[in-house]
Structures are given as C-alpha cells and as structure tokens.
Amino acid sequence: MDLLQMKNISKNFAENRVLNDVSFSIKEGEVHGLVGENGAGKSTLMNILFGMPVIQSTGGYEGEIHINGKTFNPTSPDNAMDAGIGMVHQEFMLIPGFTITENIKLNREKTTPTFLSKIFGKRLEKLDLKSMAKDAKAALKKLDMDIDEYVPVAGLPVGYMQFIEIAREIDKTQLKLLILDEPTAVLTESEATRFLEVIKKLSNLGIAILFISHRLDEIKKITDSITIIRDGEVVKTINTDDIEINEIAGLMVGREIELSQKEKDERKIEDEDILDIKNLKVNMPGELVKGLNLTVKKGEILGIGGLAGQGKIGIANGIMGLYEASGTIIKQGKKLLLNNPKEALHSSIAFLSEDRRGVGLLLDHSIEFNIAFSSLEVQGKFLKKIGSLKLIDSKAVRKHALKMIEDLDIRCTGPKQNTRHLSGGNQQKVCIARALTLEPDLLLVSEPTRGIDIGAKNLVLDTLISLNKEFGVTIIITSSELGELRQISDRIAIIYDGKVAGILPPNASDVDFGLLMAGEDIEKVVD
Amino acid sequence: MKELINKVGFPRFIISVFLICLIMLAIYLKIPLSGLISDILVRFGMNAILVLAMIPGIQSGIGLNFNIPLGIIFGLIGALISIEFQLSGFTGLFVSIIIAVSLAIIAGYFYGKMLNKIKGDEMTVGNYVGYSIVSVMCIFWLVAPFTSPELIWAYGGNGLRVTVSLESSIAHVLNDFWHFYIGSVRIPTGLLLFFGFCAFIIWIYSRSSKGLSMIVAGSNPQFAISNGINVDKQRIKGTIISTVLAAIGIIIYSQAFGFLQLYNAPLYSAMPAAAAILIGGATLKKATIIHVLVGTVLFQSLLVVALPVVNIVAEGSMSEVIRTIVSNGIILYALTRKEGELA
C-alpha cells in the first residue's frame, strides 16, 4: 500500500490557479523526486502537505490526501508532524546559540520530574541532558556524523547544519516521510555527495523521502521514481531508470534543452588587455582575496571558479568597491580608484551581484524603475531638464523597460510590477537589463544562475553570450557551477586560497579542474 | 466586498466605515454639515504639512520621524522672534518661516549625523530625542530674553507664556487669504494653496535625480551603495527636509489655531502626524503625497465629526480619547506589518 497518496490536489491564490489536479503517491522507503521549474508549484504542494498556515489563510485547497489509506487533512505543521511527516526547509531552522543536542531535541526534550513540576505540571520538569545527548548521538550516528553533540550550532559549516536538521527529523520516532526542499543547494560538491549517501541509508531504514531539487543529476542518481511538474500540473510520473536527464529537463520546461556545451563560433578576442589586476586583496568576510593577479582580454568571457570560501566571490565585489580592497587594478591603461563604487561604474564596469535580492534589486519598486535607475544615477540618462531641475522622464523609462522586457523575455504583469513578486529567473533578468542599460564594456557577473530553474538558467546564459557577441562586452563570470562556466567561458580561472590556482581552457578534463580546485599546483596538473 | 477591502486596505476601510456612520449620526442629530466640512478643511490644512514631514524620513530610510518636535521647536522660535519684532500679517509669517527654516536645517543636519550612528533604531531613539529636546526647551522658554509683553507672563518678569496669542500678529493670515464660501462652507484658500505648494515641491523633489537617490538609499542601502550613492549623506538630507517641513508645519498650524503652544505641547505632535500618514496607506518603507492626502483627510475628519456627535451622545472629552486610541492603535498596527506589506 502507498504510504502517501495525494489525489487531485488543486490550489488557487486569488484568481491564480497554481496547482491543478496534481496526484502522486509514495511507497514506504521510496525516494521520490519532485522536479519542476521555479513557480511550477512544488513549494505550494509541499506547503499543503505540511499544513503551513499560508494555505489555510488563502482559502485552503481542493483534493484529498491519504496517509496509509487514512484521510489526512493537515491544518497546521503539528498535524503533519503527528502524522509522521518531517520537513527540512531550504533555509535552516536552527537556533544558533543552542547546542546540537538542544537543537535536535527542541520541543521534544526528555525530562525528569522535579519538586516544582509536581505542583505546577510537566512544563517545569528538569531537562535530562544525558539521555537527550544519547538520542542526539544516535541520530547523528545514523547520518555517519562524528561531531561532539555539545557544540553550539553557531559557527558550524553550512553542510553540518543541514545534517543536523535531518538528524532532528529522524530523531522523531514516528517519522515515516521526510521532505527535503532543495537540500543540496547550499552544500559543496563533496558535502552533497555525502548527503546523498545518507539519503540512501535513510530509505533503507524504511523512511520514504520526497526529494525536491534543481540538480537533475542528483535526482537521477538518488531517486527511485520521479514526478515532474510543469505550470501546476503533473507532466509525468516515471521510474527513474526509465528516463534520461535530458528528457527530464525537456519535460520540465516543455521544450528540448541543449545541456551540452554550445558550439562556439569565432568571436573577436583582441590581444589588448581590458583589465589588469595586480596583487588584489579584498577583505570580504568568508571570501577573502589574498593577493590575486589576473589579466582579462578585451572581448572574452572569463570564467572564475573554485570552491566556496576560497575567495572567488570577493574578486568582483572588490573591483566594484563594495568591500574594502587594496592592490592595483588597471582598466585600459587607466588606474582604477579602489573602494569607490561610483568610480567603477563611471569606468564602464557593471556588476550583477551574487546577492540578487539583497544588493541587486529594489524589491518594492517597479521593474521599470529597477532597470533604469543605475543609468539614471550614474550616467544621468532618463532625465529631462525643466529649468535647472532634472526630473525623471517616465515616458523614456517606460519605453526602455518595455523594450527590455520584450528583449529578455521577462515574464511579468507589466513594467509597473514590483520585483519582489517575480520568480528568481525573472529577477535576474531585471538585474541584467539594469546592467545592460549602463552599456558597460566590462560586465562582472556573480552566480548568475543561483536558485534559478533550468529553463531560465539557459536563457540567462544565452543572454550573456549574445551580449558578448553582439556588443563586444567583456564578461567575467563567477560561478560555483563548473558546468555553466565551461558552457560559456573562453578561459576559466580557478581560485584557491584567495589566489589564482591556474587558468584552464573550458575543454580541459574534469580531473584537471578537480585538482586545481583542491589546491594542486598548476604545473603538476598540466603535466 | 473582500476585493474592495483589499484594494482600499483594512485600516482605511474600517475608518471610512466608522466615519460614514458618524456622519450619518451627525445628520440624524441635526448637526450642520457645512460647519463640519469647513472645520475639516481647516484642520486638514493645519495638519497636512506636519504629516508631509513624515515623507522625507520614510523615503530616506530613517522611518517615521518621531522627532518632529525638533523642527517644531525651531518653528516656534521663528514665530516668537517675528512677534518680538512686532511683525504681522504676511511679513510676520514669512520672516517666521525664514528664521525657522534656517535653524531647522542646522538642527536637522546634526540630528541626521546622530541617526547615522544608530542605524536600525531611528524610531525609538527619535522618540527619546524628542522628549529630551522638549524638556531642554522648557528651560529655554523660561530664560529666553524675549521682552514683548505679548510673549512674557502677564505679571512681567522672565519667561514665556504657555500659550501665546497670535491675534495681533499672524493669526489666520493664510486661512483668510482669498477665502470664499460655497453655500455656507468656508474655503480657506490660502491655507490649502500653501499646503499644495509644499506638497508640489516634495513631489517634484521625489522625481528629481537627487530625490530618487535619496529614495533608493532609503529603500535598499546595499543597492544604493553598489550604485555609488553615499547612503549616510542621503539619510542626512532626508532628516533635514523632514525637520524643515516640521518647522514650517507648526507655523502654519499655529496661524490657523491662533495660538503658539510652548513648553510640553510639541511632544504631542509626532504621534498624530505619524498615525495620519500610516492611515493613508504609507509603510515604514514607502510613502507618497497620496498617503498624506488620504490619511490627513480621514484622520482629521474623524476628529472633527466625532467631537460634536460624541458630545451629544455621551459626555466628557470623548473626542480626545478617540483621537488617542485611533492614532496609537494605527501606529501599533503599522509596526506589526512586515516589510513591504501595506498598512
């Protein structure tokens, strides 16, 4: 019998139908993949299953849920937990100041009676720290985690936190189904590998797992069966062995996607250096750059890769003056003033931040204003003069925004829509539009596809390529995804310990890249 | 119905319904509507500039400027000086405004500098700075070297009166300017025009490149920095404009009221102004002229209509009680809203 059955689930947000007749089921111990583009309805489906209040407050859902054959109608996360459903969210839900044990046993603490509790009831019982620690240890052990359970969570590496969240869920004795929402998004590659092993182990223990991820190779590797959702409807439920990655990707977006490297046509890469970085040091917490040397040729796409924390993110932020930097940067023969964002923008450098929602967008302003503002502020475009006053030229802004929305295929209700309500991919496109409006000759792009679904991902990358080709914009792209760097870059610099470990062509072997990322010497690698 | 509530916003809906009930009650009780409307117009003109002072604060990112007593004090000083020199009419008004504005710019600058040191706690700190300044000024009013008999205590000596009559100086200058009647409703043209003028300047500024920089700095400081905007400078700018508007606002308020209120009076100015703009639909991140218009009209209408109605139906100073409940309630409501949500 199926452990979980969801039958004909539908959900409306106001007039928007986000789920339409979705049905699928999971057996005991099965690892079931749930894939779909951003906005396909995955999160809403999980919110329904987990009884999140947002569902009730927007009018509930239609359809039926059965657990072990019994009707289940979750109205709060408590219901879901009682029914044996656990969820590990995309964002960590841990209390930093508490120890690992305390986090794992939170609200399910073991207690011993005390004098006070006999009078005032169970809430005043004393914590039985020893037996709690034992439980925590056991849960961690199931995950092959060897860590002191008395350590506070604050300061642990992200990977560990993910495991602790899972330990918390599996410590619940009645756990039957574990929902993992994009669990590997924040993990490094080695952590992710280990994580996937743990998943396998859990499923052997008889726990069913619902695995939501953008990384199709993981889905393919780990799941038993897959449900693909597109625009709120189930496209297909299939055994994993019967489908290839390309096919999954195709079904997700509803069209064929070329995953392999695009054919490169001849482009003009000049001998002239557009940027010459010497001994750059950037003081960006967690991504320190420690004396980096790099030259960038005019017209090329330079990829910057490397593991998290090695400083690749710091480079672009340092050039733009967003974090304290020292060293020399020469752009086309002219020395760039450091620690001064305005100066960088005036030197025709534009930047797409890795922190899209924090740095890249004005979430509560319209799309058109987001697109126009940088160029208005820095270059004085989109202004009309009335006497000595310079006022924003709404007509020009609107016209430009409409053109950009069409050119980049930004899906929105119109140029007046606030960017907060756009999906990740469309937000990124707004950022690109803003950078384009500056007409830069050097574009710094950081993690352009982070948290973006596969369809939008390729659109974003295509846009970058066409920018480079048609307008001759030199692009420095920083990304954690080596695949995407290899897809579009001419050269790829791997950063290790705040310095360039080596520069490889995109068709170099996986092994070479791997070795460089692990800090091997370039000469050894090339031999 | 639900759509209507969503579109108008919950607080505005409730207050409008309450207001309509009050008006119907007023008609039933045979209270002359024309008088009520005249009162609403005057009270709108009196208070609107003080509400307008909230806009630059919100736009530049310091939130609701609970420290408008700072600006108000310099407005009062401006008015006092013009009375001391026995100026009256429009001369008196403009001299008051010029003195007040120049002092408010200086004060606003230093206050803005201070706010840059306590980012994130502007509203709390602003409240307390307001209290402190008002208390310090209580001493100042006692020892200030004014000599005009209109200003000092009737029995002579040092120290200013608690309320100074403006009858012989600037009282009703703007209210009477170009005023006319529609039926028996009196339109205070000058008062409304002056507000319109101030609102127009703020509107133009918020569309200018300088104003936009300030708005962006307030709405996402990190975004602003990455576009080369000096966020601290923009915050100081917003604080100065807000303080200046408060200084002008109190002069306009006083000329319509007919009295200058010194000592503790400025303390009670921030809450109603903050409440009004929130009722109008502003959030702690976004505020426009429309919010000022809607909010001030609703808030002041409520007070004007409630007073006679409640006095007939119940007893005592219920109107004041209602004002307190509404203004503090709405501030509380707004502060519980999450970022980006409409109050």
Side-chain angles (χ1 to χ4, degrees), chain A residues 14-15 59 316-317 320-323 337 339-347 349-353 355-365 369-370 372-394 397 418-421 431 434-435 438 444, chain B residues 1-7 10 55 58-61 63 197 200-234 237 281-291 334 337-343:
Chain A
E15 281 109 66
N317 281 294
M320 290 311 289
L322 299 181
Y323 285 90
L337 210 63
N339 303 319
N340 187 339
K342 197 150 213 164
E343 176 72 17
L345 288 163
H346 276 307
S347 317
I349 306 176
F351 176 47
L352 295 185
S353 171
D355 185 2
R356 204 162 44 231
R357 292 171 68 87
V359 180
L361 288 170
L362 292 164
L363 291 171
D364 292 317
H365 286 268
F369 186 68
N370 267 280
F373 181 73
S374 286
S375 130
L376 182 153
E377 171 71 27
V378 178
Q379 300 165 333
K381 283 188 203 161
F382 302 112
L383 290 172
K384 56 183 175 197
K385 265 198 170 173
I386 297 177
S388 61
L389 280 167
K390 283 189 205 153
L391 299 187
I392 183 169
D393 185 351
S394 305
V397 170
N418 284 358
T419 54
R420 181 183 291 277
H421 305 297
C431 293
R434 185 164 59 78
L438 283 167
L444 310 178
Chain B
M1 190 64 182
K2 216 172 173 186
E3 268 176 50
L4 181 79
I5 297 179
N6 272 338
K7 205 172 168 197
F10 186 64
I55 287 192
I58 294 176
Q59 284 181 338
S60 66
F197 173 71
F200 181 71
I201 289 181
I202 293 297
W203 182 75
I204 284 283
Y205 185 70
S206 66
R207 298 185 61 78
S208 72
S209 63
K210 287 199 171 122
L212 287 170
S213 307
M214 183 176 94
I215 291 171
V216 166
S219 109
N220 183 347
Q222 283 178 295
F223 180 91
I225 291 170
S226 79
N227 280 293
I229 296 172
N230 183 340
V231 173
D232 284 1
K233 213 168 116 191
Q234 301 301 332
K237 238 196 245 175
T283 65
L284 297 181
K285 287 257 160 195
K286 205 166 188 180
T288 64
I289 307 282
I290 300 290
H291 299 148
R337 298 290 90 189
K338 285 191 209 103
E339 209 180 302
E341 269 182 278
L342 280 183

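In what follows, chains carry the letters A, B, and so on, assigned in the order in which the sequence lines appear, proteins first and then strands, with residues in each chain numbered from 1.
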_Leu376(A) side, atom CG; Leu212(B) side, atom CG - distance, nearest 0.5 Å_ = 6.0 Å

Donor-acceptor pairs under 3.5 angstrom involving side-chain atoms of residues 221-228 of chain B: please list them, not counting sequence neighbours.
from	atom 1	to	atom 2	distance (Å)
Ser226(B)	OG	Phe223(B)	O	2.9
Asn227(B)	OD1	Ser374(A)	OG	2.4
Asn227(B)	ND2	Phe223(B)	O	3.1

_Side chain / backbone / both / neither for Leu345(A) at chain B, heavy atoms under 4.5 Å_ = side chain

*Quick one: list whatever passes salt bridge (Lys or Arg N to Asp or Glu O under 4.0 Å) with Lys384(A), sequence neighbours left out.*
none

*Given that the side chain runs from C-beta out, which part of Leu361(A) has a heavy atom under 4.5 Å from chain B: side chain, backbone, both or neither?*
backbone

*Is it the side chain or the backbone of Phe373(A) that comes within 4.5 Å of chain B heavy atoms, both, or neither?*
side chain

*Where do His365(A) and Ile215(B) land on the side-chain contact (heavy atoms from CB on, under 4.5 Å) test, with the steps shown first?*
CA-CA 10 Å; His365(A) 286 268; Ile215(B) 291 171; 3.7 Å; yes

*Contact part of Arg357(A) toward chain B, heavy-atom cut-off under 4.5 Å: side chain, backbone, both or neither?*
backbone

*Considering non-hydrogen atoms only, spot the tightest contact between Lys285(B) and Ile58(B) and give its length.*
C-CG2, 3.6 Å

_Heavy-atom cut-off 4.5 Å, strictly under: side chain, backbone, both or neither for Val359(A) against chain B?_
both

